[in-house]
Amino acid sequence: MKKILLALSLLILCSCVNREDYYVFSFDDYSITPGYDDVSFMDIAFDLDVPESIDGYEKIKGINMTFFGKYFGDVDLINPTSKPIEIKDAKVSKLTLYLSQLTDHTFKIDGIDLEKSVKTNCEIFDGEYVVRNGYACVIGKNVHGKKNVIVLYGDIYAMDQDELNHLEIYVDE
């Protein structure tokens, strides 16, 4: 009986979701992990204009996110439970970050520095390079039955359209 309980305990421990299972975006001393982090984790560095609570299974899309007063991107939130919760407990489901808004920062995905070139990043992360009305790279993996995706975009208005301009990181809920 002890062996069965030990085996079940190990199985439960091994099936836990870890932050490192998802793509972790970081810069300076800050990091965000869509699909894992909640709003209270983001409140440390970012300002969000959000309501006090969120209803069960509700999604809130396109919330402006600022970093020390500068617009940095948008965030989508989700309540993964059937009961209303405080907004601080809502999960981040998607980030759209405009990297050009913050100069002099080093941006990273899973601890790897992002290069200025979409194509170079695509090679580093073994993504799918896409050329349609500009350059993009799609990187993805499955995390506990959910799709975790990063899309890196070039600047279609720049002379060098391959220069990394913004990115999206999301978890398909």
Side-chain angles (χ1 to χ4, degrees), residues 9-48 50 54 56-67 71-83 85-102 105-130 136-154 164-173:
S9 297
L10 286 175
L11 182 62
I12 290 170
L13 286 175
C14 292
S15 66
C16 293
V17 177
N18 294 315
R19 189 172 197 249
E20 294 78 26
D21 293 342
Y22 295 93
Y23 288 118
V24 179
F25 173 80
S26 59
F27 69 101
D28 298 341
D29 293 331
Y30 308 103
S31 65
I32 312 167
T33 306
Y36 187 85
D37 289 338
D38 54 38
V39 173
S40 66
F41 192 80
M42 293 184 67
D43 280 346
I44 297 168
F46 305 100
D47 289 322
L48 305 171
V50 292
I54 182 171
Y57 300 120
E58 183 181 2
K59 294 179 184 180
I60 303 175
K61 296 183 177 191
I63 300 167
N64 286 348
M65 179 173 67
T66 59
F67 181 71
Y71 174 74
F72 188 39
D74 299 313
V75 62
D76 292 357
L77 305 175
I78 188 169
N79 177 354
T81 68
S82 61
K83 297 178 181 178
I85 58 173
E86 291 183 46
I87 199 70
K88 69 179 181 67
D89 297 323
K91 293 262 187 245
V92 175
S93 61
K94 179 180 178 183
L95 287 173
T96 303
L97 303 172
Y98 295 91
L99 307 179
S100 59
Q101 297 293 352
L102 297 179
H105 292 275
T106 301
F107 302 105
K108 299 179 182 188
I109 299 289
D110 291 346
I112 300 170
D113 289 358
L114 289 175
E115 300 294 328
K116 293 184 188 256
S117 163
V118 173
K119 187 173 188 175
T120 302
N121 286 314
C122 211
E123 291 169 359
I124 291 170
F125 290 99
D126 196 27
E128 180 183 342
Y129 192 62
V130 179
C137 178
V138 180
I139 306 162
K141 63 182 175 181
N142 286 321
V143 180
H144 302 280
K146 298 177 183 178
K147 292 179 185 175
N148 193 187
V149 179
I150 299 176
V151 184
L152 305 172
Y153 294 96
L164 182 61
N165 178 268
H166 66 283
L167 62 85
E168 290 179 1
I169 305 173
Y170 64 90
V171 175
D172 189 18
E173 294 289 334

Return the [atom1] to [atom2] distance between [X] and [Y], rounded to the nearest 0.5 Å.
| X | Y | atom1 | atom2 | answer |
| --- | --- | --- | --- | --- |
| Glu168 | Thr96 | CD | OG1 | 4.0 Å |
| Leu152 | Ile139 | CG | CD1 | 4.5 Å |
| Tyr129 | Asn121 | OH | CG | 10.5 Å |
| Asp28 | Lys108 | CG | NZ | 9.5 Å |
| Ile63 | Leu95 | CD1 | CG | 11.0 Å |
| Leu167 | Asn165 | CG | CG | 9.5 Å |

Looking at residues at least two apart in the chain, or sitting in another chain, which of them share a ring pair (Phe, Tyr, Trp, His ring centres under 6.0 Å) with [X]?
| X | value |
| --- | --- |
| Phe46 | Phe67 |
| Tyr57 | none |
| Phe125 | none |
| Tyr170 | none |

Grab the two heavy atoms, one from [X] and one from [Y], that are nearest each other, plus how far apart they are.
| X | Y | result |
| --- | --- | --- |
| Ser26 | Ser31 | CB-CB, 3.6 Å |
| Leu77 | Ala90 | CB-CB, 4.3 Å |
| Pro34 | Tyr23 | CD-O, 4.0 Å |

Of all residues at least two apart in sequence or in a different chain, which pass the side-chain hydrogen bond (donor to acceptor under 3.5 Å, both in side chains) check with [X]?
| X | value |
| --- | --- |
| Ser100 | none |
| Asn64 | none |
| His166 | none |

For Asp38, give me all partners under salt bridge (Lys or Arg N to Asp or Glu O under 4.0 Å), at least two apart in sequence or on another chain.
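For Asp38, no residue satisfies salt bridge (Lys or Arg N to Asp or Glu O under 4.0 Å) once neighbours in sequence are set aside.
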
Between Phe72 and Phe27, does the ring centroid distance fall short of 6.0 Å?
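When the ring centroids of Phe72 and Phe27 are compared, they turn out to be within the sub-6.0 Å range.
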
Could you go through the side chain to side chain contact (heavy atoms under 4.5 Å, CB included) check for Val17 and Tyr22 one step at a time?
CA-CA 9 Å; Val17 177; Tyr22 295 93; 3.3 Å; yes

Flag side-chain contact, heavy atom, 4.5 Å: Arg19 against Asp37:
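Yes, at least one pair of side-chain atoms sits under 4.5 Å.
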
Set out, in order, the CA-CA distance, both residues' side-chain angles and the distance that settles side chain to side chain contact (heavy atoms under 4.5 Å, CB included) for Asn148 and Ile169, then state yes or no.
CA-CA 7 Å; Asn148 193 187; Ile169 305 173; 4.2 Å; yes

Tell me if a side-chain donor or acceptor on Lys91 pairs with a main-chain N or O of Tyr36 at a distance below 3.5 Å.
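The answer is yes, because a donor-acceptor pair under 3.5 Å joins these two groups.
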
Can you tell me if Asp172 uses its side chain to pair, donor with acceptor, with the backbone of Lys147 under 3.5 Å?
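Not a single qualifying donor-acceptor pair exists.
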
Which donor-acceptor pairs under 3.5 Å do the side chains of residues 110-118 make with protein atoms, sequence neighbours left out?
| unit_1 | atom_1 | unit_2 | atom_2 | d |
| --- | --- | --- | --- | --- |
| Asp110 | OD1 | Val24 | N | 2.9 |
| Ser117 | OG | Lys119 | N | 3.3 |
| Ser117 | OG | Thr120 | N | 3.1 |
| Ser117 | OG | Thr120 | OG1 | 3.2 |
| Ser117 | OG | Asp162 | OD2 | 2.4 |

Listed by chain and number, what are the side chain to side chain contact (heavy atoms under 4.5 Å, CB included) partners of [X], not counting sequence neighbours?
| X | answer |
| --- | --- |
| Asp43 | Val39 |
| Asn18 | Glu20, Asp21 |
| Glu58 | Ile54, Asp55, Ile60 |

For Glu123, I'd like to know if atom CD has over 12 heavy atoms of other residues, nucleotides or ligands within 6.0 Å.
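Count over threshold, so yes.
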
